[in-house]
Amino acid sequence: MAGYSDLSFRQICCEEGAFLAYTEMVSANAMVHHSEKTMGLMKTFPGETLAVQLFASDPEVAAKAAGIISKRVNPAIIDLNCGCSIPKILKAGCGAELLRHPKRIGEIIKAIKSETSSIVTLKFRSGWDFESINYLETAEEAQKNGAEMLTLHPRTRSQLFKGIAKLEHLADLKKHASVHVIGSGDLFSPEDVLNMMLKTAVDGVMIARGAIGNPFIFNQTIKLLTNKEASPPPSAEWRIKTAMGQLELTIADRGEERACKEMRKHFSAYTKGIEGSSILRRDIIRAKTLDEYKSITQAFLKKQ
C-alpha cells in the first residue's frame, strides 16, 4: 500500500501477528537506474522476512530489476503487482494495465525468475472491467511461467474499491490453480477473514486497507481462527500507545520532522471511532515534534 506499508508499519503489523508484510510498490525502472530512494523502500527491521512488491511493464527491465534486488537485499519473495489502479501506474503500462495482456504477465514472471532465486508470486484482479473477466487466463499464464503463489483481489480494475469483492471468483480460482491461492479484498474484521476462508477454501488471506489504523486485526484473526472466540476491540489507550510506537519507529527511520508529518494520516486512522477523537485529530495535524504528539495524546487520554 503506497504511503502506508513502510518499514515502521510493517514492523507494527508483524508484532501484532501478521505472518508476512509486503513493501510498498518498487519500480523496476527505478531499480535499473539504481535509485537510492527506491532502495530505501526495501529496508528491513530486525528479523523481517522481506517480501518485495514490484511493478513493471517490460520483461527485460523486470529481469534486470529482479537481479539487482536479489543481489542487494535477497528477499524471500518478489511479487509482481498487477492490481494497482493508480493512473500514473496504468499510464506506465504497469499494475492493473497488465490485466489486458495476460501473456505479457507470464513473460514478465518468467523473466523475473531467470534472475532470482526468490519465490516469485503474482497479485492481480479479476479483470480490467466486467466485459473482460480473465482471472483464470491470467492465472494460467502466470503458473506456466513459474509463479509459485497467486493473490487475487476479486474486483475489476474499473471497480477500484467500489462494490463487493466477488468471493465466487476466489473459489473458482482455488479449484483451478495448481499453486497456493491467497484471497484479498473487503477484509476489515476477523469475521470477514473467516467468511472468506469458509466460502472460498483459499490457503490464506492478505489484509490491506483493513490494517490501516488497525494492525490489531492480525492477532484478533488468529484468535478467532484458533479459539473460535472474538476478541474485544482494543482500548483507546492501546490504540494511541501503538500509534505512538509507530511514530517513534518512523522517527528512527526518517527523522522527526518527516515522521511527524507522515504519521498524521496514521493517527487519523488509529483514532477513528474513539469518542471525542475529532478534537485529538484536530490537534495532531498541527503537531511537529514527538514531544507535541506526547503532550496532545496524554492530555486526551486523561479526559477519557
Side-chain angles (χ1 to χ4, degrees), residues 1-15 18 20-98 108-109 111-123 206 208 211-212 215 245-266 288-290:
M1 295 181 290
Y4 283 94
S5 55
D6 59 10
L7 176 67
S8 57
F9 187 56
R10 296 200 311 273
Q11 182 169 347
I12 290 292
C13 287
C14 289
E15 289 175 355
L20 184 72
Y22 285 71
T23 65
E24 299 176 73
M25 291 196 303
V26 171
S27 165
N29 284 331
M31 286 307 309
V32 169
H33 289 91
H34 302 282
S35 166
E36 288 304 317
K37 181 179 180 181
T38 300
M39 278 300 305
L41 297 175
M42 294 180 285
K43 288 189 291 186
T44 59
F45 58 83
E48 180 176 19
T49 299
L50 186 62
V52 173
Q53 186 181 187
L54 186 70
F55 68 94
S57 61
D58 180 83
E60 184 177 349
V61 174
K64 290 179 180 178
I68 295 169
I69 291 169
S70 295
K71 289 177 182 178
R72 297 191 65 172
V73 297
N74 190 30
I77 292 174
I78 296 179
D79 182 68
L80 176 64
N81 182 292
C82 293
C84 180
S85 299
I86 296 174
K88 68 177 182 180
I89 300 295
L90 299 178
K91 288 179 182 178
C94 304
E97 174 63 29
L98 287 169
I108 293 173
I109 287 174
I112 292 172
K113 287 190 68 67
S114 71
E115 295 294 330
T116 185
S117 60
S118 301
I119 294 170
V120 178
T121 64
L122 174 69
K123 172 79 159 51
M206 182 180 290
I212 296 174
Q246 186 178 332
L247 171 60
E248 291 178 358
L249 289 171
T250 308
I251 289 172
D253 179 36
R254 300 184 175 184
E256 187 173 37
E257 181 179 359
R258 181 178 175 185
C260 287
K261 288 181 180 179
E262 293 185 356
M263 276 300 298
R264 291 168 184 168
K265 63 188 176 187
H266 286 281
K288 298 180 180 179
T289 67
L290 176 61

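All residue numbers in this chain count up from 1 along the given sequence.
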[X] and [Y]: which non-hydrogen atoms are nearest, and at how many Å?
| X | Y | result |
| --- | --- | --- |
| Gly93 | Ser57 | O-CB, 3.2 Å |
| Ala56 | Ala62 | CB-CB, 3.8 Å |
| Cys82 | Leu122 | SG-CD1, 3.6 Å |
| Gly245 | Ile12 | C-CD1, 4.5 Å |
| Glu24 | Gly3 | OE1-N, 2.7 Å |
| Ser114 | Ala63 | OG-CB, 4.3 Å |

Rounded at 0.5 Å granularity, tell me how far [atom1] in [X] sits from [atom2] in [Y].
| X | Y | atom1 | atom2 | answer |
| --- | --- | --- | --- | --- |
| Leu7 | Gln246 | CG | CD | 10.0 Å |
| Met263 | Lys265 | CE | NZ | 10.0 Å |
| Glu248 | Ser8 | CD | OG | 11.5 Å |
| Ile251 | Arg258 | CD1 | CZ | 13.0 Å |
| Asp6 | Glu262 | CG | CD | 6.5 Å |

Is any side-chain heavy atom of [Y] closer than 4.5 Å to one of [X]?
| X | Y | result |
| --- | --- | --- |
| Met42 | Met31 | yes |
| Val120 | Leu80 | no |
| Pro59 | Ile108 | yes |
| Ser70 | Ser118 | yes |
| Phe9 | Met1 | yes |
| Glu36 | Met39 | yes |

- Message: For Lys113, I'd like to know if atom NZ has over 12 heavy atoms of other residues, nucleotides or ligands within 6.0 Å.
- Response: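 Yes, the 6.0 Å shell around NZ holds more than 12 heavy atoms from other groups.
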- Message: If you count every heavy atom of other residues, nucleotides or ligands that lies below 6.0 Å from Lys288 atom NZ, does the total exceed 12?
- Response: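 Counting other residues, nucleotides and ligands, NZ of Lys288 stays at 12 neighbours or fewer.
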- Checking side-chain contact (heavy atoms from CB on, under 4.5 Å) against Ile69, which of Leu54, Ile112, Thr116 comes through? Leu54
- Test side-chain contact (heavy atoms from CB on, under 4.5 Å) applied to Tyr22 and Met206, step by step: CA-CA 10 Å; Tyr22 285 71; Met206 182 180 290; 3.6 Å; yes
- Query: Tell me, which pairs form a side chain to side chain donor-acceptor pair (under 3.5 Å) where one or both residues lie in residues 40-56, sequence neighbours left out?
  - Reply: Arg10-Glu48, Lys43-Asp253, Gln53-Asn81
- Task: Please check if the side chain of Glu97 supplies one atom and the backbone of Ile89 the other of a donor-acceptor pair under 3.5 Å.
- Result: no
- Item | Side-chain donor or acceptor of Thr250 paired with backbone N/O of Ala259 under 3.5 Å |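 No: the side chain of Thr250 does not pair with the backbone of Ala259.
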- Message: Under a plain distance cut-off of 3.5 Å, with no hydrogens placed, do Ser27 and Asn29 share a side-chain donor-acceptor pair?
- Response: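 Short answer, no.
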- So Thr23 and Leu50, side-chain contact (heavy atoms from CB on, under 4.5 Å) or not? Walk me through it. CA-CA 8 Å; Thr23 65; Leu50 186 62; 3.7 Å; yes
